[in-house]
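Encoded as structure tokens, the structure appears first; notes follow it.
Residue numbers begin at 1 in each chain, while the letters A, B, ... track the order of the sequences.
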Amino acid sequence: MLPLSRRLTSANFKASHLLSSKTSFSSSSHVLSRPTVEFIGLCSSGHLREAFERFKLEIWSDPNLFSHLIQACIPKNSLPLARQLHSLIVIAGCSADKFIANHLMNLYCEYGELDQAEALFGRMPRRNVMSCNILLKGYLKADNLEGARKVFEEMPDRNVPSWNAMITGYVQSKRNGEALSFFSEMHKEGFLPDVFTVSSVLGGCAGLRALYAGRQAHSYAVKSAFEPNMVVASSLAHMYMKCGSLGEGEAVIRSMPVKHVVAWNTLIAGKALNGSPEGVMDQYNLMKIAGQVPDKITFVSVLSACSDLATLGQGQQVHAEAMKRGATSAAGVASSLVSMYSRCGCLEESMKAFSECKEKDVVLWSSILAAHGFHGKGEKVIELFEEMQEKGIEVNEITFLSLLYACSHCGLKDKGVEFFTMMVERYELKPRLEHYTCMVDLLGRSGSLHEAEETIRSMPAKPDAVIWKTLLFASMVHKNTEMAKRAAEEVLRVDPQDSASYVLLSNIHASAKRWKDVSEVRKSMRDQNVKKEPGISWVEIKNRVYQFIMLDKSHPHYAEINIYLKELIAEMKLRGYIPDMGSVLHDMDDEEKEHNLVHHSEKLAIAFALMNTPAGSPIRVMKNLRVCRDCHVAIKYISEIKARQIIVRDSSRFHHFKNGSCSCGDYW
DNA sequence: GTAGGGTTAG
């Protein structure tokens with residue numbers, strides 16, 4: 001057979017066309033002929049080459065068939081194929097056809113080939129709204145907002161979809177303020193917003209936490225009868241929940257006649273946003289009772305809630321369900337799994353979820369780094385990071401945050417400094433306050449207190465209570481009372497409600513026997529109406545979570561736990577345990593102090609778990625505050641005496657106690 | 001063409 005180009009230019013084209021007239025069809029016909037149907041079928045099932053070879057002649061007689069071919073090219077994700085198609089179209093002399101040119105432009109936009117799209121656009125004799133919108137969306141898809149804006153501004157006329165594209169594009173790039181400006185401009189120019197506009201605008205309001213603007217959009221939606229639209233309704237609910245108005249969000253969802261999976265997910269995410277992981281689990285269960293099938297986004301939210309709650313049993317059940325639905329291959333679900341297992345104390349399972357995911361992205365890589373950092377495996381974090389670099393995986397601010405965090409928790413000061421420099425110089429990433437906080441932690445805890453303080457004083461970001469608290473903690477560890485005092489005062493200047501800093505400040509004064517200062521701190525605590533945050537621990541036994549509050553006598557098992565602990569502590573003392581009175585406030589007598597220590601929530605939880613789980617099984621406890629020095633020593637003894645592995649997750653990391661020692665190497 | 005999600009300092 002002649003090459004196509006030859007056949008085209010050859011004079012016998014017409015003849016060959018006529019020869020095949022039996023199978024040819026007319027473009028004006030409304031009834032699709034059998035070959036057309038067959039051709040479309042081949043295209044949409046991805047058999048492009050076959051479609052082209054078999055229906056060459058039909059294509060010549062009806063160039064619109066090219067459109068089907070072009071559209072079928074998009075999901076094939078093959079740029080070479082697209083280019084071949086383009087040259088065929090040029091050869092066929094159809095490239096000036098407005099309809100085909102638009103399709104081609106769209107094709108190049110899909111592949112991010114904006115130069116090609118621009119070239120086609122430039123050759124168009126008359127640019128209609130449709131062509132402009134296609135190019136506009138191409139720029140938005142490529143995250144090139146400036147390019148999109150230029151096209152938008154130079155458009156001869158616009159329609160509602162043009163405005164919608166701009167609003168959506170800006171919302172998706174988190175430039176919500178500008179998105180809303182487009183909306184008001186659109187309104188001024190007399191365009192009528194549709195459901196698409198309203199949905200995007202609500203997304204913008206959610207991003208800005210702009211409840212007032214969100215309410216206005218809501219009343220517009222009501223007036224225009226858009227509320228029954230599923231997308232509008234879920235956007236509305238999301239907006240309310242993101243703005244902290246959980247009740248209004250729930251009301252919107254309640255009013256939906258049919259709760260679609262997205263509505264459930266919005267509700268679930270809303271519970272998470274408003275700090276209620278228990279609520280997340282409740283809604284997830286209700287969703288399943290209602291017969292709704294969870295999707296990968298459901299799993300992501302629910303698994304994150306499990307990692308907040310540190311309820312391994314529940315997490316495993318959700319994991320099983322996700323596996324059943326084939327959702328674990330998605331990078332998002334894998335990231336949540338990595339984080340959940342790590343935060344529930346099972347690092348091996350994190351690693352398994354990580355390895356099993358085939359399409360790893362930055363977030364998943366950052367999750368596995370953070371997971372190892374959380375367990376004090378600094379060397380492994382560095383090894384994984386190097387692997388990441390070798391493989392040329394994208395690196396972002398959060399990757400570095402995980403890295404720096406790992407270094408500070410493992411005492412790898414030099415490595416941490418090296419990574420911080422690498423981040424700024426090689427990757428040109430701008431450190432955020434969080435990165436500086438990691439550096440202060442890294443420097444301070446490894447003993448370079450002055451460098452740490454200097455970091456705060458010289459950084460471009462405005463210090464918050466957290467960074468000063470980090471310095472405060474480091475100066476307490478290294479017993480630099482002058483610096484601790486300075487840091488505590490800075491914390492309280494930024495956040496006068498910070499109870500932990502009052503307690504630390506009062507302890508500093510007490511250890512220097514400055515009783516007058518102690519009572520002054522106590523007085524300002526009273527004046528500010530600050531209450532010490534009570535220590536709370538949780539332990540999961542047979543899928544039930546038990547909560548223990550420090551000194552809580554109202555606990556139903558208080559009496560038994562008390563007897564058990566007394567015996568245990570007597571045995572510990574025989575082996576050399578001495579209660580560390582320094583971990584208690586200084587204005588009580590020793591007996592009272594010891595009673596206080598014995599009833600720290602983690603000791604209660606561990607005692608309860610020892611009483612209620614089979615010998616030799618590991619115990620996993622979660623605590624809201626950091627483990628105190630005394631408990632840390634005590635748990636080491638308990639792990640030896642009872643021959644149990646005790647895994648404690650405190651507010652900042654994991655401690656694996658085994659045979660009388662802890663994985664953190666007493667550095668925490 | 002529009003909606004919901006993941007990693008992250010203390």
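- Between A/E250 and A/R254 there is no salt bridge, since no side-chain N of the basic residue sits under 4.0 Å from a carboxylate O of the acidic one.
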**Request:** Give the C-alpha distance, both sets of side-chain angles, the deciding distance and a yes or no for side chain to side chain contact (heavy atoms under 4.5 Å, CB included) between A/Q314 and A/Y284.
**Result:** CA-CA 11 Å; A/Q314 277 183 314; A/Y284 174 64; over 6 Å; no

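- Of the candidates B/dG6, B/dA9, B/dT8, B/dA9 carries the atom nearest the A/E434 side chain, counting heavy atoms from C-beta on.
- A/R343 comes within contact range of the sugar-phosphate backbone alone, with a heavy-atom separation under 4.0 Å but no base atom that close.
- If you take CG of A/L404 and P of B/dT7, they are 19 Å apart, rounded to a whole angstrom.
- Under the 3.5 Å distance criterion, the side-chain polar atoms of A/D464 are matched with a main-chain donor or acceptor of A/I467.
- Stacking between A/Y436 and B/dA9 is absent: the aromatic ring centre is not both under 5.5 angstrom from the base six-membered ring centre and within 30 degrees in plane angle.
- Distance CE (A/M340) to P (B/dT8): 13 Å, rounded to an integer number of Å.
- The residue A/D361 sits close to a base: some heavy atom pair falls under 4.0 Å.
- The nucleotide whose nearest atom lies closest to any side-chain atom of A/D441 is, among B/dT8, B/dG1, B/dG10, B/dG10.
- The side chain of A/A370 has B/dT8 as its nearest neighbour among B/dT2, B/dG10, B/dT8.
- Across all strands shown, A/D194 has heavy atoms under 4.0 Å from base atoms, whether or not it also approaches the sugar-phosphate.
- The line from CG of A/L443 to NZ of A/K413 is 6.0 Å long, rounded to the nearest 0.5 Å.
- Using a 4.0 Å heavy-atom distance criterion, A/A165 is classed as making no nucleic acid contact.
- Ranking B/dT2, B/dG6, B/dT7 by closeness to the A/S367 side chain, first place goes to B/dT7.
- Considering only the side chain of A/A331, B/dG6 comes nearest among B/dG10, B/dT8, B/dG6.
- The nearest whole Å value for the distance from the CG atom in A/L273 to the P atom in B/dG6 is 8 Å.
- Of all the residues in residues 226-236 of chain A, A/M230, A/V231, A/S234, A/S235 reach under 4.0 Å from DNA chain B with at least one non-hydrogen atom.
- If you take CD on A/E453 and CG on A/L449, they are separated by 8.5 Å, rounding to the nearest 0.5 Å.
- Side-chain contact of A/K469 with A/S501: a donor-acceptor pair under 3.5 Å is absent, judged by distance alone.
- At a threshold of 4.0 angstrom between heavy atoms, the contacts of A/H435 with the nucleic acid are absent.
- In terms of phosphate contacts, A/H238 brings a side-chain nitrogen or oxygen within less than 4.0 Å of OP1 or OP2 of B/dG5.
- Among the atoms of the strands shown, base atoms are found under 4.0 Å from some heavy atom of A/R432.
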**Item:** Step-by-step ring pair (Phe, Tyr, Trp, His ring centres under 6.0 Å) determination, A/F99 to A/H103
**Value:** CA-CA 6 Å; A/F99 196 57; A/H103 268 101; 5.0 Å; yes

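- A cation-pi arrangement, defined by a distance under 6.0 Å to the six-membered ring centre and an angle within 45 degrees of its axis, is absent between A/R445 and A/F473.
- The side chain of A/D464 has B/dA9 as its nearest neighbour among B/dT7, B/dA9, B/dT2.
- Distances from the side chain of A/T168 to the nucleotides B/dG5, B/dT2, B/dG6 place B/dT2 closest.
- Using a 4.0 Å cut-off between charged nitrogen and carboxylate oxygen, A/E278 and A/K271 do not count as a salt-bridge pair.
- Checked by distance alone, A/S199 brings a side-chain donor or acceptor within 3.5 Å of a matching partner on the base of B/dT2.
- Base contact: A/S366 has a heavy atom under 4.0 Å from a base atom.
- Minimum atom distance to the side chain of A/R445 is reached by B/dG10, of the listed B/dG10, B/dG1, B/dT8.
- Between A/T455 atom OG1 and A/Y436 atom OH the span is 9.0 Å, to the nearest 0.5 Å.
- In this structure, the NE2 atom of A/H372 is 17 Å from the C1' atom of B/dT8, given to the nearest Å.
- One interatomic measurement links the two molecules: CG of A/D308 to P of B/dG6, which rounds to 10 Å at whole-angstrom precision.
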**A/H435 and A/E397: CA distance, side-chain angles, deciding distance, side chain to side chain contact (heavy atoms under 4.5 Å, CB included) verdict** = CA-CA 8 Å; A/H435 295 96; A/E397 288 104 329; 3.7 Å; yes

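- Of the residues in residues 294-307 of chain A, A/D295, A/I297, A/V300, A/S301, A/S304 come within less than 4.0 Å of DNA chain B through at least one heavy atom, sorted by number.
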